[in-house]
**Student:** 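Pasting a structure below so you can have a look.
Lettering follows sequence order; numbering is per chain, from 1.
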2 protein chains.
Amino acid sequence: MPTISDVARAAGVSMSTVSYVLSGRRPISAETSARVRAAIAELGYHPHAGARALASSRTSVLALVVPLRADVNVPVIMQFVTAVVTAARRYHHDVLLLTKDEGTAGLERVAGATMVDALIVMDVEGDDVRIPALGRLKQPSVLIGLPDDPAGIACVDLDFAATARECLAHLAGHGHHRVALVGPSPSVYERGTTYAQRFLDGFTDASAELGLETVAHSCEPGADGVRDCLAWIDSELPGTTALVVHNEDALVPLLDELRARGRSVPGDLSIVAVCPRDVATSLPVKLTSADIPAHDVGTLAVETAMALLEGRKAPGTRLLPPTIIERDSCGPLS
Amino acid sequence: MPTISDVARAAGVSMSTVSYVLSGRRPISAETSARVRAAIAELGYHPHAGARALASSRTSVLALVVPLRADVNVPVIMQFVTAVVTAARRYHHDVLLLTKDEGTAGLERVAGATMVDALIVMDVEGDDVRIPALGRLKQPSVLIGLPDDPAGIACVDLDFAATARECLAHLAGHGHHRVALVGPSPSVYERGTTYAQRFLDGFTDASAELGLETVAHSCEPGADGVRDCLAWIDSELPGTTALVVHNEDALVPLLDELRARGRSVPGDLSIVAVCPRDVATSLPVKLTSADIPAHDVGTLAVETAMALLEGRKAPGTRLLPPTIIERDSCGPLS
DNA sequence: TTGAAAGCGATACCAG
DNA sequence: CTGGTATCGCTTTCAA
């Protein structure tokens, strides 16, 4: 493996010149630069990451902490991950993957060892024990999600309250007055992640603002859960004409059940789902949906981390506005 | 951030002693060791990864290259990833995540920069351009999958040929003689990944050995694809009493279609699926299935990488034996 | 516009 | 069982 001094010798310049050609941190004559680049190419030189990290105390690596709970939606996580990796590469960074189950220790390990320049943490809970730990690190971090108290750490997420509002507004625009929310499974509410509650709060507020009659109920997984939830809705708000579904796993059994009952979508019942684009379009009825912009959130998280590293931008919270995509599951009131 | 010499001073020993306490590469008296550890804990010392990598030319990091094609099964990929990360941690290694779309350049970048000790590459194709590139690296690598020519690189995968054989043997054991294979979509065969072909070859061979009448056909995605495939099977092998389904996405529409036709499973038709445990159990009929042991394969890949790093074990191919799990979709010939 | 040289923080060899 | 120290390969300040 050639070193920087091999390159320097081959190009007939000093080590520092080679270094500056690579970093661009000081002007180099076009001619010198060309000679150096030629030598680099010819020798197949790659700067040694460890040496570079030691000398500069920057690693060009980002830590990404992912949940591996089965209870969260795996394809969505994967979308975050690929968005983060892809965006990181645009900034010449690589991604070190940590799992949430290592908890605080994992963060302290990679940060303490100076393995990473910044950390991006997914699946943040309302009262997440990792937040104080992150605050103690010398590296900046970005949360994907919104805890009760970010404690000065940057946050990025979809604006779930506004999303609920848009869903209701969309249905109201179609003339619906009685709308039910099919929520996530109870375990999601119990667990600390706040997005379910934020969505529910937005739903409740918007319902009042828009003068709608609404109910909301969590929905256990599986066909039975869906049936129970529908039964609950029927008894609590008879004459419901539209559903907002904030529960991906419920979608397939829900459509099955409605078909079995002979209720057509959107003829008898309109539906707005909150889910990634691809699941909305892969079902028998193409669902009007509020997108989960995993790609945008992941990208923004990386951009925020980079801004923090460069000292621009104070940490704060960025909630992305929702996007409703009209498809075939929303009709006028019949 | 305290350094090793801060620890040495605090403990009243030399730097080298601290280093040896940490690495265990030479005997240290219990007393000294205790003093050093106390100092480490008190100062909150973490060895600097870059410095360590520079001095020792080992990084304690593994590269993992994942595909991000939508066409592969995302939850299965995620299982590989979590298995690799978890296993790596048991060996005190972290995982740097690369995406397949960076191609050869990504491998050369992280290996050339000495960012990783070894590489694990998923979604290897029959004639994968990355294989010669991996051969040129100074770090060892492990392939998940089985290319046409591993060129001396270690491979780990499920034994798909044996899996096909077991599926057929299982059905033959239930008295079936006419069996059809519902294969992956044509795009999977066209793309270079070899597992589909290996499964098909195993299927064909075992069919002959067991004296069965079989046909095999690829299956396009979606309900239409399933209908076409079933129609093809009906015309080519009338009286088929059992299906081997090597196509996860076809499972839901297939069961739907059979139900629509009033054909019961396993009453009228037996099914063995090749898929991860959780999808086999989450369908309306609990499917008898051949497991995709993503967790085991990922773990074994890491263990192989570690063995290679320690110089034990020559690279070679390890194909994991299949496991058929009997559930509710296989009955006797009626 | 370029060069020389002092670290960065560990590891591991040479000594004792 | 423990110490001293050269060394790893690069960045960056100081000088020219």
Side-chain angles (χ1 to χ4, degrees), chain A residues 1-37 39-40 43-61 92 109-117 138 309, chain B residues 1-37 39-40 43-61 92 109-117 138 309:
Chain A
M1 298 261 86
T3 72
I4 198 172
S5 84
D6 296 326
V7 174
R9 194 175 322 117
V13 300
S14 71
M15 283 169 54
S16 44
T17 296
V18 176
S19 177
Y20 284 118
V21 166
L22 253 23
S23 70
R25 297 170 82 84
R26 87 180 184 189
I28 299 283
S29 75
E31 184 193 14
T32 303
S33 173
R35 263 212 326 288
V36 169
R37 289 180 193 292
I40 287 175
L43 298 179
Y45 167 73
H46 290 272
H48 187 290
R52 186 171 255 192
L54 181 56
S56 68
S57 42
R58 276 176 292 96
T59 63
S60 293
V61 175
H92 306 295
R109 181 168 52 78
V110 300
T114 326
M115 299 180 75
V116 302
D117 292 338
K138 65 176 199 302
L309 283 176
Chain B
M1 297 264 87
T3 72
I4 198 172
S5 83
D6 295 326
V7 174
R9 194 175 323 116
V13 299
S14 69
M15 284 169 52
S16 44
T17 296
V18 175
S19 177
Y20 285 119
V21 166
L22 253 24
S23 70
R25 298 170 82 84
R26 86 180 183 188
I28 299 283
S29 75
E31 184 192 14
T32 303
S33 173
R35 261 209 331 286
V36 169
R37 289 181 193 289
I40 287 175
L43 299 179
Y45 166 73
H46 289 272
H48 187 290
R52 189 172 252 189
L54 181 56
S56 68
S57 42
R58 278 177 290 96
T59 63
S60 293
V61 176
H92 306 296
R109 181 168 52 78
V110 300
T114 326
M115 298 180 76
V116 302
D117 292 338
K138 66 176 198 302
L309 283 175

**Student:** Does A:S29 have a side-chain nitrogen or oxygen under 4.0 Å from the phosphate oxygens OP1 or OP2 of C:dT2?
**Tutor:**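 Answer is yes, contact under 4.0 Å.
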**Student:** Using a 4.0 Å heavy-atom cut-off across all strands, classify A:S19 as base, sugar-phosphate, or nothing.
**Tutor:**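 Touches a base.
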**Student:** Is a side-chain N or O of A:S56 found less than 3.5 angstrom from the main chain of A:R52, in a donor-acceptor match?
**Tutor:**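 Such a contact is found between A:S56 side chain and A:R52 backbone.
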**Student:** Would you sort out whether A:I40 and A:L22 count as a side-chain contact (heavy atoms from CB on, under 4.5 Å), showing the intermediate values?
**Tutor:** CA-CA 10 Å; A:I40 287 175; A:L22 253 23; 3.5 Å; yes
**Student:** Determine, stepwise, if the pair B:K138 / B:T114 fulfils side-chain contact (heavy atoms from CB on, under 4.5 Å).
**Tutor:** CA-CA 9 Å; B:K138 66 176 198 302; B:T114 326; 3.6 Å; yes
**Student:** Please report the distance, rounded to the nearest Å, between CG in A:L54 and C1' in D:dT12.
**Tutor:**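 Checked: the CG to C1' distance equals 13 Å.
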**Student:** Looking at every heavy atom in both B:T59 and B:A53, which two are closest together, and how far apart are they?
**Tutor:**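 For B:T59 versus B:A53, the nearest heavy atoms are CG2-CB, 4.2 Å.
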**Student:** A:M15 or B:R35: which one's nearest nucleotide on DNA chain D is closer to the 5' end?
**Tutor:**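 Looking at DNA chain D, the more 5' nearest nucleotide goes with B:R35.
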**Student:** Whole angstroms only, please: what is the CG-C1' distance between B:D6 and C:dA10?
**Tutor:**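 About 13 Å, once rounded to whole Å.
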**Student:** How long is the span from the CG atom in B:L43 to the OG1 atom in B:T3, to the nearest 0.5 Å?
**Tutor:**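 Going from CG on B:L43 over to OG1 on B:T3, the span is 9.5 Å.
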**Student:** Of all of residues 43-53 of chain B, which get a heavy atom below 4.0 angstrom from DNA chain D, listed by number?
**Tutor:**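 Of all residues in residues 43-53 of chain B, none places a heavy atom under 4.0 Å from DNA chain D.
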**Student:** So which heavy atom on B:P2 is nearest to which on B:G44, and how close?
**Tutor:**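 Nearest heavy atoms, B:P2 then B:G44: CG-O, 4.0 Å.
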**Student:** Can you tell which of C:dT11, C:dT2, D:dC10 lies closest to the side chain of A:I28?
**Tutor:**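 It is C:dT2.
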**Student:** Ignoring the backbone of B:T17, work out which of D:dT5, D:dG3, D:dT11 is nearest its side chain.
**Tutor:**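 Taking heavy atoms from C-beta onward, the closest nucleotide is D:dG3.
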**Student:** Under 4.0 Å, heavy atoms only, any strand: does A:V18 hit a base, just the sugar-phosphate, or nothing?
**Tutor:**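 Touches nothing.
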**Student:** Below 4.0 angstrom from OP1 or OP2 of D:dT11, is there any side-chain N or O of A:S57?
**Tutor:**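 Checking A:S57 against D:dT11: no side-chain N or O falls below 4.0 Å of OP1 or OP2.
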**Student:** Return the value, rounded to whole Å, for the distance between atom CZ of B:R25 and atom C1' of D:dC1.
**Tutor:**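 Nearest whole value for this atom pair: 17 Å.
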**Student:** The side chain of B:A55 is closest to which nucleotide in this list: D:dG3, D:dT12, C:dG9?
**Tutor:**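 In terms of side-chain proximity for B:A55, the closest of D:dG3, D:dT12, C:dG9 is C:dG9.
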**Student:** Roughly how far apart are A:M115 CE and B:H46 NE2, rounded to 0.5 Å?
**Tutor:**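 Output value for this atom pair is 12.0 Å.
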**Student:** Kindly give the heavy-atom pair with the smallest separation between A:I28 and A:Y20, and that separation in Å.
**Tutor:**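 Closest approach of A:I28 to A:Y20: CD1-CB, 4.0 Å.
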**Student:** Go through C:dT2, C:dA12, C:dA10 for me and flag the one nearest to the B:I4 side chain.
**Tutor:**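 The closest nucleotide is C:dA10.
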**Student:** Under 4.0 angstrom, heavy atoms only, what part of the nucleic acid is B:T32 near: base, sugar-phosphate, or nothing?
**Tutor:**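 If one applies the 4.0 Å heavy-atom cut-off, B:T32 turns out to touch the sugar-phosphate alone, with no base involved.
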**Student:** Please find the pair of heavy atoms, one from B:M15 and one from B:I4, that lie closest to each other, and give the distance.
**Tutor:**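 So the minimum-distance heavy-atom pair works out to O-CD1, 3.7 Å.
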**Student:** What bend angle does the helix from C:dT1-D:dA16 to C:dG16-D:dC1 show across its length, from five-pair end axes and to the nearest 10 degrees?
**Tutor:**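 End-to-end axis angle for the helix from C:dT1-D:dA16 to C:dG16-D:dC1: 30°, rounded to 10°.
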**Student:** Using nucleotides 13-16 of chain C, report all nitrogen or oxygen pairs with the protein that are shorter than 3.5 Å.
**Tutor:**
from	atom 1	to	atom 2	distance (Å)
C:dC13	N4	B:Y20	OH	3.0

**Student:** What's the closest nucleotide to the side chain of B:S14 if the choices are C:dT11, D:dG4, C:dT2?
**Tutor:**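 Selected nucleotide: D:dG4.
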**Student:** If you count heavy atoms of other groups shown closer than 6.0 angstrom to CZ of A:R25, is the number above 12?
**Tutor:**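 12 or below, so no.
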**Student:** Can you name the closest pair of heavy atoms from B:V36 and B:V7 and give their distance?
**Tutor:**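 For B:V36 and B:V7, the tightest heavy-atom pair comes out as O-CG1, 4.2 Å.
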**Student:** If you take all heavy atoms of B:L54 and A:L54, which pair is closest and at what distance?
**Tutor:**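 Answer, listing the atom of B:L54 first, then A:L54: CD2-CD2, 3.4 Å.
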**Student:** What's the CZ-P distance between B:R58 and C:dG9, to the nearest Å?
**Tutor:**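 Whole-Å distance recorded here is 20 Å.
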